[in-house]
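See below for the structure under consideration.
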Amino acid sequence: MGRLRVPVDSYSYVHGLKACIAASASHVPASALVCEIHAHAIRRCYGLHTHVATTLIDCYAKLGIISYAESVFAAMPERNVVSWTAMIGCYAKNERPGDAIMLFQEMMASDEDLVPNSITIVSILHACAGVNALGQGKLLHAYILRRGFDSLVSVLNALMAMYMKCGCLEAGRHIFNSIGHRKDVVSWNTLISGYGMHGFGHEAVQVFEEMTQMGVLPSIITFISVLGACSHAGLVDEGKRLFESMVDYNVTPRAEHYACMVDLLGRAGHLDEAVELIQSMHIRPSPQVWGSLLGACRIHRHVEYAEMACSQLFDLEPRNAGNYVLLADIYARAKLHSEVGVLKDLLEEHALEKVPGCSWIEVKKKLHMFVSVDNKNPQVEELQALIGEFVTQMKNDGYVPDTGVVLYDIEEEEKEKILLGHSEKLAVAFGLINTGRGEVVRITKNLRLCEDCHSVTKFISKFAEREIIVRDVNRFHHFRDGASVKCMSPASAADRKTPYTSQILMESISVATLREGALKEEHGERLQKFALQQLLHKPLHLEPEITHGKIQMAVQYFNYKGVDFTFLFKLHQ
DNA sequence: CTAGGGTTAG
């Protein structure tokens with residue numbers, strides 16, 4: 001078009017940019033293509049055109065170049081819901097859920113009348129799931145009900161995933177059931193993976209059977225989910241049977257499925273069989289496949305296969321520090337200290353850094369983050385002291401700190417100190433201090449839960465009489481009464497008492513009411529009007545420091561004033 | 001004739 005001097009317009013840019021992302025066959029990397037068109041658009045003064053800029057944000061989001069997306073977003077003179085959603089989605093899909101939530105709150109607080117739509121909601125739900133922000137997620141649930149978005153299967157699927165990733169299996173199941181006959185493959189997949197990540201392997205397989213019996217064709221993702229579920233639950237034979245049944249459903253196993261199988265076999269200790277499977281593959285084993293093998297080698301302390309996996313991995317993904325760390329860990333536990341040293345030198349040589357351990361906890365709808373060996377947070381000393389007390393108790397019970405997980409070459413005592421500073425321990429301590437007795441402590445962690453934290457948290461659950469749920473990168477750990485248990489959280493048991501949607505709505509009514517401020521008699525009428533208006537339109541505000549007592553007061557107030565809000569329940573059930 | 005979304009994985 002340029003050569004022929006055909007004039008371009010915003011449409012040209014939008015389509016051109018989208019094509020860049022799709023152009024996987026091109027010799028030029030997609031990012032270079034996008035930048036080229038971006039530059040062109042800037043020269044023609046189209047760089048900040050609302051549609052063009054929004055497309056640019058999305059392109060950079062898909063390429064993982066967050067800073068470019070941010071620059072475009074910041075420079076836009078006019079931003080609408082779609083632009084905000086694109087930017088929120090950028091954070092959400094690039095593993096920065098905290099920023100996504102913050103941006104969403106900023107959007108809700110802005111003076112412009114930006115009304116989130118179903119796509120905004122889906123994006124932000126995804127972010128809530130990412131950081132275990134259950135309180136935030138419930139507010140969104142209320143919003144969904146008020147806006148009638150619960151008629152959209154895509155929204156319900158995202159909501160279901162949010163609940164399950166926040167540890168509320170029961171609520172997730174409830175949503176699933178409420179979808180009725182409109183369930184699509186994604187709904188089924190979400191339920192299967194939800195059961196899987198909680199260790200409910202049999203239930204996941206059962207759902208799979210139910211799904212196929214109803215004539216729903218399982219997808220590639222269905223098999224990843226159900227095989228993953230078998231792996232978490234140690235269902236080796238079941239997994240093998242499902243893997244072999246894939247051809248019956250016209251699904252050819254991909255590298256991802258092999259990765260699941262290698263994980264399943266390896267975790268169960270069938271390392272030879274896992275290696276045989278890799279060697280029998282008709283496609284090139286992906287880094288994930290070798291990674292599964294390496295992970296299994298760490299559990300079963302198998303040096304030889306670990307080296308075999310790493311000889312491939314160091315070649316395939318030389319910049320992934322995790323692989324070096326895992327192998328170093330395996331060497332360290334096998335007391336091969338010189339090999340550990342070699343790996344550390346390698347890490348330094350390539351200027352690679354371990355991903356810092358990081359944990360989140362949501363308290364009163366506010367998110368708190370902890371980094372391992374955090375010196376900035378003023379509360380850390382207090383938290384560490386608390387953990388230290390538990391550890392002293394534990395040592396009397398015969399506990400020995402598992403300093404094997406610390407790879408630094410330092411004194412035992414120093415190693416123990418580092419263990420005390422692990423982010424999940426800090427988060428657990430913070431949770432104990434800042435939530436009431438009987439409340440469940442929910443933690444999210446960006447890496448795997450280390451063995452020491454596992455045993456310490458287990459002990460704390462008993463000693464502090466608290467249920468603690470830790471979600472790490474790939475599964476849930478429920479701790480109750482000194483044991484690692486497979487169970488539903490009591491929070492979801494409480495949810496069962498009231499029909500879920502009613503309860504959620506009730507909560508949100510109170511939230512809407514309280515936003516206006518005091519519950520004074522003379523404000524009554526204005527308050528009512530405001531609350532109802534909020535219910536029907538833009539009610540969500542995000543940092544309401546609401547105590548349970550205040551909520552009850554609000555509900556009582558409504559009853560007292562004789563406001564009939566039952567029609568709202570009927571509307572949505 | 002334009003823009004943004006849900007399920008998976010060591």
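Just so we're on the same page: letters track the sequence lines, and every chain starts at 1.
- Proximity of the aromatic rings of A/H38 and A/Y60 is defined here by a centroid distance below 6.0 angstrom, and this criterion is met.
- For the OP1/OP2 pair of B/dG5 and a distance below 4.0 Å, the side-chain nitrogens and oxygens of A/K93 include at least one atom meeting the criterion.
- When each of B/dT8, B/dG4, B/dG10 is scored by its nearest atom to the side-chain atoms of A/S193, the top-ranked nucleotide is B/dT8.
- Remark: A/L326 CG to A/C310 SG distance equals 7.5 Å, nearest 0.5 Å.
- Phosphate contact (OP1/OP2 of B/dA3, side-chain N/O of A/K18, threshold under 4.0 Å): present.
- The base of B/dG10 lies close enough to the side chain of A/N323 for a donor and an acceptor atom to sit less than 3.5 Å apart.
- Of the candidates A/L313, A/I278, A/L277, A/I278 is the only one forming a side chain to side chain contact (heavy atoms under 4.5 Å, CB included) with A/L293.
- Using a 4.5 Å heavy-atom cutoff, the side chains of A/T120 and A/M107 are in contact.
- A/R182 has its CZ atom 14 Å from the C1' atom of B/dG6, to the nearest Å.
- In this structure, the nucleotide among B/dT2, B/dG6, B/dA3 sitting nearest to the side chain of A/H49 is B/dT2.
- Residue A/H257 is out of contact with every strand shown, counting any heavy-atom pair closer than 4.0 Å.
- Rounded to whole angstrom, the span from the CG atom of A/L140 across to the C1' atom of B/dG6 amounts to 14 Å.
- No contact: A/K183 has no heavy atom under 4.0 Å from any strand.
- At a threshold of 4.0 angstrom between heavy atoms, the contacts of A/V289 with the nucleic acid are absent.
- Inter-residue side-chain proximity for A/Q105 and A/Q136 is flagged as met; some heavy-atom pair is nearer than 4.5 Å.
- One can place CD1 of A/I119 at 11 Å from C1' of B/dG6, the figure rounded to the nearest angstrom.
- One can place CE of A/M261 at 16 Å from C1' of B/dT8, the figure rounded to the nearest angstrom.
- Counting non-hydrogen atoms under 4.0 angstrom, A/N117 reaches a base of the nucleic acid.
- Side chains of A/N132 and A/T444: a donor-acceptor N/O pair is present below 3.5 angstrom, by distance only.
- At whole-Å resolution of the value, CD in A/E317 and P in B/dG10 are 13 Å apart.
- In the set B/dG5, B/dA3, B/dG6, B/dA3 carries the atom at the smallest distance from any side-chain atom of A/T54.
- Of the residues in residues 218-230 of chain A, those placing a heavy atom less than 4.0 Å from an atom of DNA chain B are A/I221, A/I224, A/S225, in numerical order.
- When distances run from any side-chain atom of A/A86 to the nucleotides B/dT7, B/dG4, B/dG10, the shortest one goes to B/dG4.
- Within 4.0 Å of A/S123, counting heavy atoms only, lie sugar-phosphate atoms of the nucleic acid but no base atom.
- Taking only side-chain atoms of A/S118, from C-beta outward, the nucleotide of B/dG5, B/dG6, B/dT8 with the closest atom is B/dG5.
- Distance CG (A/N320) to C1' (B/dA9): 14 Å, rounded to an integer number of Å.
- When rounded to the nearest whole Å, the span between NE2 of A/H15 and P of B/dT2 equals 6 Å.
- Between A/W188 and A/F176, the angle of the ring planes goes over 60°, which puts this pair in the perpendicular group of the 30/60° scheme.
- Contact annotation: side chain of A/S154 to base of B/dG6, donor-acceptor pair absent below 3.5 Å.
- Here A/S187 lies out of heavy-atom contact (under 4.0 Å) with every strand.
- Within 6.0 Å of atom OH in A/Y68, 12 or fewer heavy atoms from other residues, nucleotides or ligands are found, so the atom counts as exposed in its surroundings.
- In this pair, A/Y11 lays its aromatic ring flat on the base of B/dC1, centres within 5.5 Å and planes under 30 degrees apart.
- Remark: P of B/dG5 and CE of A/M162 are 20 Å apart, rounded to the nearest angstrom.
- Of the listed nucleotides (B/dA9, B/dG4, B/dT7), B/dA9 has the atom at the smallest distance from the side chain of A/E256.
- With ring centers used as reference points, A/H198 lies under 6.0 Å from A/H478.
- Nearest to the side-chain atoms of A/H51 among the listed nucleotides B/dG4, B/dG6, B/dA3 stands B/dA3.
- For B/dA9, its base never sits under 3.5 Å from the side chain of A/D263 at any donor and acceptor pair.
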